[in-house]
Amino acid sequence: QVDLVESGGGSVQAGGSLSLACAASGDTWATYYMAWFRQAPGKEREGVAAIGNDGRVVYGDSVKGRFIISQGHAKNGLYLQMNSLKREDTALYYCAAARVALTPIRSLEADRYYYWGQGTQVTVSS
């Protein structure tokens, strides 16, 4: 069992920055990729960024060059630095962990992940 708790969401003006954190506890040793997803009202859950046990990172096209994912020691934390925020970044952001091995190309697919946090809201205003 892995427990994930997100924090750091809030409101920011367009062009600003926010940092999200996800505290991971439990059997994190048994996880493979960890990732951030987001879901805006009326839209499907979207993969934002993922990081594998080997440190390989994958970013969604909409956030490349603006967001940075990183992982804490012993996989006890997952972080997302969000820069140059846009109104379209407004969403509920979720932390997730996979308990099976993934290929990078699959690492932003929500149905590949088993453990999920409750989410933290990010609102970007113009």
Side-chain angles (χ1 to χ4, degrees):
Q1 177 64 34
V2 174
D3 294 316
L4 303 170
V5 179
E6 303 94 338
S7 62
S11 297
V12 66
Q13 287 194 325
S17 298
L18 273 178
S19 296
L20 303 183
C22 172
S25 60
D27 298 328
T28 57
W29 57 269
T31 62
Y32 294 83
Y33 268 86
M34 293 188 73
W36 288 97
F37 289 81
R38 67 187 182 186
Q39 189 166 18
K43 295 188 176 181
E44 292 188 358
R45 194 164 293 192
E46 174 191 14
V48 174
I51 184 167
N53 285 352
D54 59 359
R56 181 178 299 187
V57 298
V58 178
Y59 292 98
D61 289 342
S62 62
V63 305
K64 282 180 182 176
R66 300 189 298 122
F67 290 12
I68 301 172
I69 188 172
S70 60
Q71 196 168 43
H73 177 66
K75 296 191 284 186
N76 61 359
L78 186 69
Y79 308 95
L80 186 68
Q81 175 65 39
M82 304 185 293
N83 302 316
S84 302
L85 284 160
K86 305 175 181 179
R87 286 189 63 183
E88 51 263 44
D89 294 319
T90 294
L92 191 60
Y93 282 71
Y94 296 92
C95 172
R99 63 176 185 178
V100 295
L102 301 177
T103 56
I105 198 171
R106 299 293 187 192
S107 63
L108 293 181
E109 297 179 0
D111 60 2
R112 305 288 173 171
Y113 289 79
Y114 186 81
Y115 301 106
W116 291 85
Q118 294 301 305
T120 185
Q121 178 68 37
V122 171
T123 302
V124 184
S125 59
S126 58

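In this text the structure is predicted, and so the values were computed from the model without any measurement. Just so you know, residue 1 is the first one in the sequence shown, and it goes up from there.
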Between [X] and [Y], which heavy-atom pair has the shortest distance, and what is it?
{"X": "Tyr79", "Y": "Gly72", "answer": "CE1-N, 3.7 Å"}
{"X": "Tyr113", "Y": "Ala98", "answer": "CD2-N, 3.4 Å"}
{"X": "Gln121", "Y": "Ala91", "answer": "NE2-O, 3.4 Å"}
{"X": "Arg99", "Y": "Tyr114", "answer": "NH2-CE1, 3.2 Å"}
{"X": "Gly60", "Y": "Leu108", "answer": "N-CD1, 3.5 Å"}
{"X": "Leu85", "Y": "Arg66", "answer": "CA-NH1, 3.8 Å"}

Same apolar cluster (I L V M F W Y, side chains within < 4.5 Å links), [X]/[Y]:
{"X": "Ile51", "Y": "Tyr94", "value": "no"}
{"X": "Met34", "Y": "Leu20", "value": "yes"}
{"X": "Leu18", "Y": "Val5", "value": "no"}
{"X": "Leu80", "Y": "Val58", "value": "no"}

To the closest 0.5 Å, what do you measure between [atom1] ([X]) and [atom2] ([Y])?
{"X": "Leu92", "Y": "Thr120", "atom1": "CG", "atom2": "OG1", "value": "7.5 Å"}
{"X": "Gln71", "Y": "Tyr33", "atom1": "CD", "atom2": "OH", "value": "11.0 Å"}
{"X": "Glu46", "Y": "Tyr93", "atom1": "CD", "atom2": "OH", "value": "7.5 Å"}
{"X": "Leu78", "Y": "Ile69", "atom1": "CG", "atom2": "CD1", "value": "4.5 Å"}

Between the main-chain N or O of [Y] and the side-chain N or O of [X], is there a donor-acceptor pair closer than 3.5 Å?
{"X": "Gln118", "Y": "Glu6", "value": "no"}
{"X": "Asn53", "Y": "Thr31", "value": "yes"}
{"X": "Asp27", "Y": "Val2", "value": "no"}
{"X": "Arg87", "Y": "Ser126", "value": "no"}
{"X": "Thr123", "Y": "Thr90", "value": "no"}

Could you walk me through whether Arg38 and Val122 pass the side-chain contact (heavy atoms from CB on, under 4.5 Å) check? CA-CA 9 Å; Arg38 67 187 182 186; Val122 171; over 6 Å; no
Test Lys64 against Asp61 for salt bridge (Lys or Arg N to Asp or Glu O under 4.0 Å), laying out the working first. CA-CA 5 Å; Lys64 282 180 182 176; Asp61 289 342; 3.1 Å; yes
Would Arg56 and Ser107 count as a side-chain contact (heavy atoms from CB on, under 4.5 Å) here? Give the steps. CA-CA 10 Å; Arg56 181 178 299 187; Ser107 63; over 6 Å; no
Check step by step if side-chain contact (heavy atoms from CB on, under 4.5 Å) holds for Tyr32 and Leu102. CA-CA 7 Å; Tyr32 294 83; Leu102 301 177; 5.6 Å; no
Answer yes or no: is there a side-chain heavy-atom contact under 4.5 Å between Met82 and Val48?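 No, every pair of side-chain atoms sits at 4.5 Å or beyond.
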Any side-chain heavy-atom pair of Arg45 and Trp116 under 4.5 Å: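 When only atoms from C-beta onward are counted, Trp116 and Arg45 do touch, with a gap below 4.5 Å.
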Under the side-chain contact (heavy atoms from CB on, under 4.5 Å) rule, what do Trp36 and Cys22 come out as? Steps first, then yes or no, please. CA-CA 9 Å; Trp36 288 97; Cys22 172; 3.8 Å; yes
